[in-house]
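First comes the structure, then the notes that go with it.
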Amino acid sequence: MTTATRTTMVTSMADGSAAAEPRCTGDDEDRAPDGAALVRLMTWLSPAFPVGAFTYSHGLEWAIEDGTVTNAASLEAWIGSVLRHGAGRTDAVLLAEAWRATRVRDTLRLTDAADLAFALQPSRERRLEAGAQGKAFVTAVAATWEAPTLSALADDLAPTPVAYAVAVGVAGADHAIPLGALLEAHLTAFVANLVSAAVRAVPLGQTDGQRVIRALTGVVAETAGEARAAAPDDVGGAALRADIASMKHETQYTRLFRS
Amino acid sequence: MTLHVMTPIVADEPPRLQRARGYGRVSFRQTDGRTRLEDLVQEGSAKIRLPRVYDGRGPVAVLLNTAGGITGGDHLVYEAGWGPGTSATVTAQAAERIYRRASGVGRVENRLTVGAGAEAFWLPQETIVFDRAGLARTLEVDLAPDARFTGCEMVVMGRTAMGEDVTTLSLTDRWRIRRNGRLVYADALRFHGDTRAILSGGATGRGARAFASVVQVAPDVADRLDAVRDGLEAAIAASNGRLEAGASVFDGLMSVRLIAADGQALRAGMAPLLERLIDGALPRVWAL
């Protein structure tokens with residue numbers, strides 16, 4: 001259990017950098033997940049958990065239409081960039097921030113992370129992807145496993161939804177799932193979901209899809225590690241074409257996915 | 001804010017004795033149905049000019065950094081205020097250049113406040129970032145519930161026409177837009193390291209050297225989306241593959257992203273887009 005306490009909002013310095021501040025970096029974060037934590041991770045982040053993850057492609061469907069993603073190599077490059085420079089990293093930073101804010105019961109800090117996570121979604125469909133999955137996750141967890149901080153946050157933010165990554169972070173903290181494992185599991189689920197979308201949308205075999213997931217495990221681990229070292233003001237990226245892809249997907253003629 | 005005192009000069013540092021500081025503030029109020037200057041403050045290298053122009057969108061304030069560019073340790077703050085019912089434009093005299101620095105990053109903070117029923121145009125020209133530059137820029141916009149806002153930021157990596165590459169860079173560009181106190185839009189671009197490599201990916205820039213963000217907040221913004229998209233597609237078709245762009249509307253705002261092979265292609269896409277969004281010609285300082 002951490003002994004760090006926080007009662008103030010995260011503030012930023014005039015130069016835009018994050019204020020130097022103690023972080024909650026106790027055993028909680030690094031601990032290997034026990035059986036109870038593993039069961040929750042595998043359940044909540046399974047494609048069977050009712051958040052509708054399979055209906056979102058995060059703009060990948062347009063990248064396939066556009067010819068940017070045509071095979072396993074270009075799929076791996078696309079997802080790798082989204083992890084390093086796009087929503088992968090940004091979501092991971094804010095998931096970690098939400099997890100820490102929940103562990104130290106800092107409501108203001110948590111609300112700030114949740115506000116930022118949703119406001120950063122760059123297009124209508126990315127807002128849907130983050131918001132509708134977040135909302136479904138809140139509802140499903142509240143009805144089954146329960147996560148009091150998450151339910152309170154959702155009430156507090158309504159009608160703005162809790163962004164999916166933040167919802168996962170808060171529920172994970174409520175159930176004392178170690179942050180390191182939670183981040184890697186969340187990012188792996190994100191990768192697996194995009195690979196699954198690609199397998200359905202391009203002539204890419206199941207085995208090739210699994211090879212892409214395996215090939216990206218290193219990027220997932222790096223991104224999770226970087227996210228844990230970052231402050232919320234360090235969010236940001238360079239996945240400009242992924243953002244444009246999600247905008248263009250809105251008018252794509254043939255669509256299997258909602259994003 | 002931390003005030004830097006004069007630092008000792010080391011041999012390989014550019015010959016700058018003092019870091020540039022600047023604070024500029026301009027605000028507008030409405031009198032007899034017209035928008036007039038309310039307040040003007042200029043300190044350090046931040047200057048603001050108010051040329052007499054009549055473009056149908058109210059006064060134009062032109063920002064000018066007399067330091068001639070930004071390098072590590074520089075700090076510029078601009079504030080602009082639109083009183084209730086006003087309409088005015090804030091633009092910049094020229095492209096802002098971010099030069100190679102010895103240490104630290106240059107900081108630019110832009111803070112806009114837009115009152116009830118006011119219409120704000122934030123139309124700076126592009127920022128040209130040179131190799132080994134460092135910049136942390138923020139744009140904070142506070143809007144009254146029914147305020148209108150159109151804003152853009154353009155970034156060009158080096159003098160692209162001369163084949164320059166920006167391989168080492170520290171750039172963060174943050175937007176935060178609040179309406180009635182609620183955060184409705186945030187953007188955070190972040191380039192640390194080899195920008196050319198970062199922008200080479202299919203999900204990042206596919207080799208782009210220039211990019212822009214444009215946001216419009218207005219109650220009727222959704223009505224413009226089709227026309228904006230048509231305009232963008234025409235510009236893309238005319239660009240010979242040197243421009244890509246997308247637009248989306250949500251929560252009473254439009255977000256447009258553009259990426260381009262160079263600054264020229266970016267401007268070619270931006271000019272018609274902005275003219276469409278502001279229903280008129282760009283500020284005259286934009287003319288080359």
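Quick note on labels: first sequence line is chain A, next is B, and so on, each numbered from 1.
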What part of [X] is in contact with chain B, defined as an atom under 4.5 angstrom from a non-hydrogen atom: side chain, backbone, both or neither?
X: A:Ala238; result: both
X: A:Ala245; result: neither
X: A:Ser246; result: neither
X: A:Thr90; result: neither

If we define contacts as heavy-atom pairs under 4.5 Å, which of [options] has the most with chain B?
options: A:Leu116, A:Val82, A:Leu128; value: A:Leu116
options: A:Glu125, A:Arg84, A:Arg89; value: A:Arg89
options: A:Ser74, A:Gly237, A:Ala242; value: A:Gly237

Identify which of B:Ala186, B:Gly205, B:Ala245 forms the greatest number of heavy-atom pairs closer than 4.5 Å to chain A.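 Sorted descending by pairs with chain A, the first entry is B:Ala186.
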If we define contacts as heavy-atom pairs under 4.5 Å, which of B:Ala188, B:Gly106, B:Ala203 has the most with chain A?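 Most heavy-atom pairs within the cutoff with chain A belong to B:Ala203.
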First locate atom [atom1] of [X], then atom [atom2] of [Y], and finally report the distance between them rounded to the nearest 0.5 Å.
X: A:Asp243; Y: B:Arg257; atom1: CG; atom2: CZ; answer: 4.5 Å
X: B:Leu258; Y: A:Leu240; atom1: CG; atom2: CG; answer: 10.5 Å
X: B:Leu183; Y: A:Leu120; atom1: CG; atom2: CG; answer: 7.5 Å
X: B:Arg206; Y: A:Thr68; atom1: CZ; atom2: OG1; answer: 4.5 Å
X: B:Phe211; Y: A:Arg241; atom1: CZ; atom2: CZ; answer: 15.0 Å
X: A:Lys248; Y: B:Leu232; atom1: NZ; atom2: CG; answer: 8.0 Å

Would you find more than 12 non-hydrogen atoms of other residues, nucleotides or ligands less than 6.0 Å from [X] atom [atom1]?
X: B:Gln264; atom1: CD; result: no
X: B:Arg132; atom1: CZ; result: no
X: B:Asp226; atom1: CG; result: no
X: A:Arg255; atom1: CZ; result: yes

Need one label for [X]: side chain, backbone, both or neither, based on atoms under 4.5 Å from any heavy atom in chain A.
X: B:Ile177; result: neither
X: B:Arg137; result: neither
X: B:Asp251; result: side chain
X: B:Glu140; result: neither

Heavy-atom donor-acceptor pair, B:Ser248 side chain to A:Arg124 backbone, under 3.5 Å: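 Confirmed, B:Ser248 side chain pairs with A:Arg124 backbone.
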Which residue pairs pass the salt bridge (Lys or Arg N to Asp or Glu O under 4.0 Å) test when at least one of the two sits in residues 129-138 of chain A, sequence neighbours left out?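 For residues 129-138 of chain A, and leaving out neighbouring residues, there are no salt bridge (Lys or Arg N to Asp or Glu O under 4.0 Å) pairs at all.
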Any salt bridge between B:Arg174 and A:Asp233, counting N to O under 4.0 Å?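 Counted as a salt bridge, because a side-chain N and a carboxylate O are separated by less than 4.0 Å.
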Between B:Phe250 and A:Gln121, what is the shortest heavy-atom contact and its length?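 Reported closest heavy-atom pair: CZ-O, 4.0 Å.
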At their closest point, which heavy atom of A:Thr251 faces which heavy atom of B:Arg229, and how far apart are they?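 Minimum heavy-atom separation between A:Thr251 and B:Arg229: CG2-NH1, 3.3 Å.
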